[in-house]
Structures are given as C-alpha cells and as structure tokens.
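Naming: A, B, ... by sequence-line order, numbering from 1 per chain. Keep in mind that the numbers below use all heavy atoms, side chains included, and drop hydrogens, waters and symmetry copies.
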2 protein chains.
Amino acid sequence: MTDFLPPIQTTARDDAVLKALAGFVRQEALGPGEKLPTERILAERLKVSRNTVREALTRWEGLGLVERRQGSGTYLKAAVSPDMLHMPLTLAGGNDFAGLMATLEIRRALEAEAAALCAIRAGKAELAEIERKLDLMEEAFQTRAGMSSEEDWEFHQAVFRASGNPLFEQIIAAMYEMFHRFWEHPLGVRDFGHASFPYHRTIFERIAARDPEGARAEALKLIATVEDDLKRGAANLKLSDRR
Amino acid sequence: MTDFLPPIQTTARDDAVLKALAGFVRQEALGPGEKLPTERILAERLKVSRNTVREALTRWEGLGLVERRQGSGTYLKAAVSPDMLHMPLTLAGGNDFAGLMATLEIRRALEAEAAALCAIRAGKAELAEIERKLDLMEEAFQTRAGMSSEEDWEFHQAVFRASGNPLFEQIIAAMYEMFHRFWEHPLGVRDFGHASFPYHRTIFERIAARDPEGARAEALKLIATVEDDLKRGAANLKLSDRR
DNA sequence: GTGCAGAAATTGGTTGGACCATTGAACCAC
DNA sequence: GTGGTTCAATGGTCCAACCAATTTCTGCAC
C-alpha cells in the first residue's frame with residue numbers, strides 16, 4: 001500500500017557543500033594535487049559558515065579525497081566527481097598471526113578471481129604493463145637475492161588494476177596495509193617469498209594466453225606457497241605471540 | 001644516503017579525541033545501538049572545544065561507525081575498537097549499476113571462498129545458526145511472496161561469520177551498504193532475487209555435508225543468478241541513467 | 001488514574017567572530 | 001648563495017550564542 005515516498009530533504013548543509021564543491025572541481029577540471037579554494041572563500045561564496053565548510057571538508061578528508069595542509073591550503077588527493085560512490089571499510093583487530101592468515105584468505109579469494117577476470121578483460125596496454133612489472137620484479141629478485149617485496153607488490157597491483165574492477169585493488173590495498181603491520185621482518189623467515197617467485201611468471205603466461213581458469217589455478221598455487229611460508233614462520237616463534 | 005626519517009608527529013587534536021572515545025567505548029563495553037556521551041559533555045571532559053569534538057565525530061560518521069540524531073544524541077552504529085583500520089573504498093565515475101556489478105564481482109570471489117571455508121570449519125553451533133536463518137528466510141519468502149531481503153542477508157552473514165574469518169563479513173558489509181541503495185526496488189525487477197532462492201538451501205546442504213567444493217559451486221550458482229537478474233534489470237531501463 | 005496537548009529541557013546543527021600555529025614568499029643582511 | 005626576519009595567507013581551535021529536532025515533563029480535562 002505504501003508507495004515509496006522518499007523522505008523530504010529539509011536540510012543537509014554540509015552535503016550540499018560537498019555537492020557544490022564536486023561540481024566546482026569538475027567545472028574547473030581539477031585533478032589530484034591541485035589546490036582547492038580557501039575555507040574562508042568557500043564559506044563566503046556558498047553563503048554558509050566556515051564551520052560548515054570545515055565539516056564538509058573533514059568528511060572528504062576522512063575519505064582520503066583531500067589533504068589539508070595548515071598554512072598552505074587544501075589539496076585534492078584523488079579524482080573526485082559528483083557521482084562517486086563511497087563504501088567505508090573498517091577492519092577490526094588482526095594484529096596477530098591469526099589476523100595475518102585472515103588477510104591471506106581474503107587474498108586467496110580475490111587474487112584468484114582477479115587473475116581470472118584479468119585473463120578475460122585485460123587490454124594490450126594493461127598486459128604490457130603487467131609484463132613490465134614482472135620483468136622489474138625478476139630483475140630485483142636476482143640482484144638483491146630475494147628481497148623484492150616492493151616490486152612483487154607492484155606486479156600484483158598491475159594485475160588487479162587490469163581486472164577492470166577498481167574494488168579489487170582497493171580492498172587488497174587494505175589487506176596489504178594490515179600485512180605491513182608485520183611484514184617488515186615477517187616472522188623471522190629470511191627467504192620469505194622465495195617459494196612464490198616462479199608463479200608470478202606462470203600467472204602472467206596464463207593471463208596472456210587468455211586462460212582464466214589457468215590463471216586462477218596459478219594464483220591459488222602462489223597463495224598456497226605464501227601460506228606455507230607463514231606457517232613455517234609461525235612454528236619458528238610459537239611462543240612470542242602472547243599478549 | 002638519506003636514512004629514512006619519518007615525519008614528526010606534533011599535534012592531532014581530533015585524532016586524540018577519537019582515540020579517547022574509542023578507549024571509552026571499550027571501557028564501558030558499548031555496542032552498536034548504544035548512546036554515546038553528549039558532544040557538550042565530551043568537550044568538557046576532554047578539555048577541548050565542542051567544535052573539535054564535532055570534527056572528530058564527523059569523521060566517524062563518515063566512516064559509518066556512528067549515527068547522529070538531532071535532538072536525541074549520537075549512537076554507535078558498529079563495533080569500534082582502538083586498533084581498527086579504516087580504508088574507505090571509492091568507486092569513481094561509475095553510476096549505480098556499474099557499482100552494483102563491481103560489488104557483485106567481489107561478492108562472487110568472497111562468497112565462494114567463505115562457503116568453502118565454512119564447510120571445513122563451521123562448528124555444530126554455527127551450523128545450527130545457519131540453518132535457523134535459512135528457515136527464517138524460507139518462511140519469509142513464502143509469507144511475503146518473495147520479499148525476503150533482510151532475512152536473505154542474515155543468512156549470508158551467518159555463513160560469513162561461520163567461516164572463521166571476520167574479514168569476510170566486514171568486507172561484504174561494506175559492499176552490502178551499496179547494495180541496499182537498490183535492493184528496495186532494484187532496477188524495477190519485481191521478482192528480483194527469486195531465482196537465487198533455491199541455492200540458499202543447496203549451499204547449506206553442501207556446508208552441512210562438509211563438502212567445500214560443492215559449497216563453493218553452489219555459491220557461484222547463486223551469484224550467477226543475481227548477476228543475471230541485474231543484467232535483466234539493466235536492460236529494462238537502459239536509458240534512465242544519463243546524468 | 002488515564003490520556004493527551006503544550007511547555008520545557010535536551011541535543012545535534014549552524015553561525016559569526018576571534019585568536020593560534022604553520023607555511024611560504026618576500027626581503028634583507030652577510 | 002646562505003641564513004635569518006618579517007609578514008600575509010591558511011588551516012586548526014576556541015567561544016558564545018542561537019536554531020531545529022527530539023524527548024521528557026507538566027498539568028489539565030475526563
């Protein structure tokens with residue numbers, strides 16, 4: 001019986017400010033790194049209090065869209081558009097070994113799917129980019145005797161980016177962040193990541209061959225080796241995780 | 001040459017407020033739905049301006065952790081802890097339909113993995129809980145002629161929770177928020193979700209039978225039907241998404 | 001006592017104005 | 001050039017007041 005009657009919009013000052021600001025950014029074609037108008041100017045032009053402007057900007061800052069530098073100004077940190085969608089993700093806990101394994105299970109799910117999607121959707125340019133990152137990684141691996149975590153990460157990022165779905169990259173970035181609370185010296189395992197090395201190339205080969213299921217299978221193998229490394233490391237310290 | 005010198009941390013008033021508030025929540029063991037102290041009280045107790053308190057709360061509100069109701073108070077919307085990690089996901093430029101498809105690809109990856117893990121790890125109690133949610137859903141489906149989105153969601157939540165990895169639920173919860181903008185009248189498809197109905201039970205059966213790969217397969221089928229529904233809906237409106 | 005309308009208190013939302021702290025540019029000795 | 005100094009611009013914080021929505025209390029009618 002009840003037809004869907006959307007609640008009427010009485011006030012939403014700060015939302016309105018953000019909408020106006022998003023429009024302004026598009027109007028002026030501002031990109032990341034560029035400077036936004038002053039809070040005082042925005043307040044004056046939009047006919048709202050400076051405090052309201054600040055609350056609006058605080059929202060964007062919390063979303064990582066904008067960076068405020070005292071004494072300098074407010075700068076765009078990412079591309080903003082009037083029709084973007086936000087899905088705040090907050091991850092609780094996960095500072096211990098169990099948390100590390102938890103992130104790895106997410107990686108297994110997403111990495112496999114992304115590799116498969118990538119095999120279907122990656123364009124020529126993306127494929128070339130992935131191969132470039134792969135070469136860089138292999139070179140770093142040879143040169144620095146196995147310490148190639150940075151290049152390793154960039155390779156995976158390139159795959160996620162080529163999956164055609166930006167959420168993959170963003171979610172995995174969150175996992176990576178959690179990983180990094182540990183990863184500096186992961187569990188004392190010196191050759192951490194060595195075992196996973198060869199699978200990077202096999203994943204790329206399957207993607208280049210447009211073989212989704214093959215790519216998925218290779219990605220799963222890679223994660224399995226990392227998992228093994230982690231478990232091996234856990235056995236090494238057994239007792240050090242008592243909080 | 002340059003040793004890594006991390007930037008020095010001077011002040012961060014509102015961050016400090018949030019830290020204190022998170023500590024307070026843990027101290028008092030507050031859960032979702034419960035009321036936080038007044039802005040005025042927080043300002044007085046923490047010896048900061050009410051304005052600063054507001055900026056801090058605005059951050060949490062933007063992250064979906066808290067809900068403010070004018071004239072009533074500020075209420076917890078999710079569990080908060082002092083060590084949470086925030087990673088706002090932003091989908092740029094995509095209209096709602098594209099966003100929906102993007103979240104669905106994440107769901108496909110995670111739902112399949114979670115179902116498989118669940119088949120391996122779910123205990124007796126978790127299994128019973130899942131079955132209870134399943135029964136509730138099926139009952140609602142019969143009674144309300146297909147409108148069972150709330151119970152549907154609770155079923156999936158129960159599966160995620162039983163996967164033994166809290167990250168699954170946390171990530172999918174972020175996706176779900178976006179889903180909810182549509183779920184009311186998703187794309188004008190009247191019988192949206194009907195097709196996925198039978199797979200809920202088959203998923204449960206595979207889990208109960210401790211058959212990880214079977215559970216994964218059924219979960220994939222479910223997502224496939226949802227995807228079809230969505231595409232069908234998209235065809236229905238084709239022209240209405242020109243902004 | 002019960003029920004309900006209106007008053008009063010509570011609480012988040014907004015405003016305007018003031019001052020502080022940091023930044024960066026211009027300027028000035030050396 | 002190098003290194004200070006000054007100074008204006010800008011974000012950060014504070015205060016005091018008022019607005020708007022909500023909740024609670026009060027008192028009257030029955």
Side-chain angles (χ1 to χ4, degrees), chain A residues 5-22 24-25 28 30 32-78 80, chain B residues 5-22 24-25 28 30 32-78 80:
Chain A
L5 291 175
I8 195 166
Q9 214 71 321
T10 52
T11 52
R13 307 288 260 179
D14 44 3
D15 266 353
V17 168
L18 287 185
K19 218 171 107 183
L21 197 49
F24 174 81
V25 167
E28 303 284 311
L30 297 182
E34 298 200 76
K35 190 173 167 185
L36 293 178
T38 331
E39 295 180 352
R40 287 171 174 88
I41 290 185
L42 285 174
E44 183 191 354
R45 292 279 208 288
L46 299 174
K47 292 277 180 252
V48 295
S49 154
R50 188 179 152 218
N51 252 327
T52 305
V53 171
R54 281 185 65 65
E55 288 223 0
L57 286 178
T58 298
R59 275 233 237 298
W60 268 14
E61 191 186 27
L63 263 42
L65 297 177
V66 115
E67 180 184 354
R68 292 150 119 175
R69 288 205 283 272
Q70 186 174 170
S72 175
T74 304
Y75 300 83
L76 274 180
K77 226 171 103 182
V80 310
Chain B
L5 290 175
I8 195 168
Q9 207 80 319
T10 52
T11 51
R13 303 286 260 180
D14 43 3
D15 266 353
V17 168
L18 288 185
K19 216 171 108 185
L21 199 47
F24 174 80
V25 167
E28 303 284 310
L30 297 182
E34 297 199 77
K35 191 172 165 183
L36 293 176
T38 318
E39 295 180 351
R40 287 171 174 88
I41 291 184
L42 284 174
E44 182 191 355
R45 292 278 208 288
L46 298 174
K47 292 277 181 253
V48 296
S49 151
R50 190 178 150 217
N51 236 322
T52 305
V53 172
R54 281 188 115 297
E55 287 221 2
L57 286 179
T58 298
R59 274 233 240 298
W60 269 14
E61 190 188 27
L63 263 44
L65 298 177
V66 114
E67 180 184 353
R68 292 150 121 176
R69 288 204 284 273
Q70 184 174 169
S72 175
T74 304
Y75 300 82
L76 273 180
K77 228 171 99 181
V80 310

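- In this structure, Lys77(B) does not pair ionically with Glu61(B), as no charged nitrogen and carboxylate oxygen lie closer than 4.0 Å.
- The side chain of Thr74(B) approaches dG12(C) more closely than any other nucleotide in the set dT23(D), dG12(C), dC14(D).
- Rounded to an integer number of Å, the gap from CZ of Arg69(B) to P of dA20(D) is 21 Å.
- The side chain of Gln70(A) sits closest to dA21(C) out of dT11(C), dA20(D), dA21(C).
- Atom CZ of Arg68(B) is separated from atom P of dT22(D) by 16 Å (rounded to the nearest Å).
- Within the model, atoms CG of Leu57(A) and OG1 of Thr52(A) stand 11.0 Å from one another, a figure rounded to the nearest 0.5 Å.
- As rounded to whole Å, 16 Å separates atom P of dT14(C) from atom CD of Glu39(A).
- Here dT14(C) is the nucleotide among dT10(D), dT13(D), dT14(C) with the atom lying nearest to any side-chain atom of Arg50(B).
- A donor-acceptor contact under 3.5 Å is not formed by the side chain of Arg54(B) with the base of dG12(C).
- With no hydrogens or angles considered, no side-chain donor-acceptor pair links Ser49(B) and Arg54(B) at under 3.5 Å.
- dG11(D) atom P lies 15 Å from atom CG of Asp14(B), rounded to whole Å.
- In terms of position on DNA chain C, the residue among Lys47(A) and Leu36(B) whose nearest nucleotide sits closer to the 5' end is Leu36(B).
- Between Thr52(A) and dT15(C), a side-chain N or O to OP1/OP2 separation shorter than 4.0 Å is present.
- The CG atom of Leu18(B) lies 13.5 Å from the CZ atom of Arg13(B); values are rounded to the nearest 0.5 Å.
- Interatomic distance, CD of Glu44(B) versus CZ of Arg40(B), reported as 11.5 Å (0.5 Å rounding).
- Separating the CD atom of Glu67(B) from the C1' atom of dG12(C) is a distance of 12 Å, rounded to the nearest angstrom.
- In this structure, the nucleotide among dG12(D), dT11(C), dC15(D) sitting nearest to the side chain of Asn51(A) is dC15(D).
- Taking 4.0 angstrom as the limit, Ser72(A) places none of its side-chain polar atoms (N or O) nearer than this to OP1 or OP2 of dT10(D).
- At whole-Å resolution of the value, CD in Glu44(B) and C1' in dT13(D) are 18 Å apart.
- If you take CD of Glu55(A) and C1' of dC14(D), they are 15 Å apart, rounded to a whole angstrom.
- In this entry the distance linking CZ of Arg13(B) with P of dT22(C) reads 12 Å, nearest Å.
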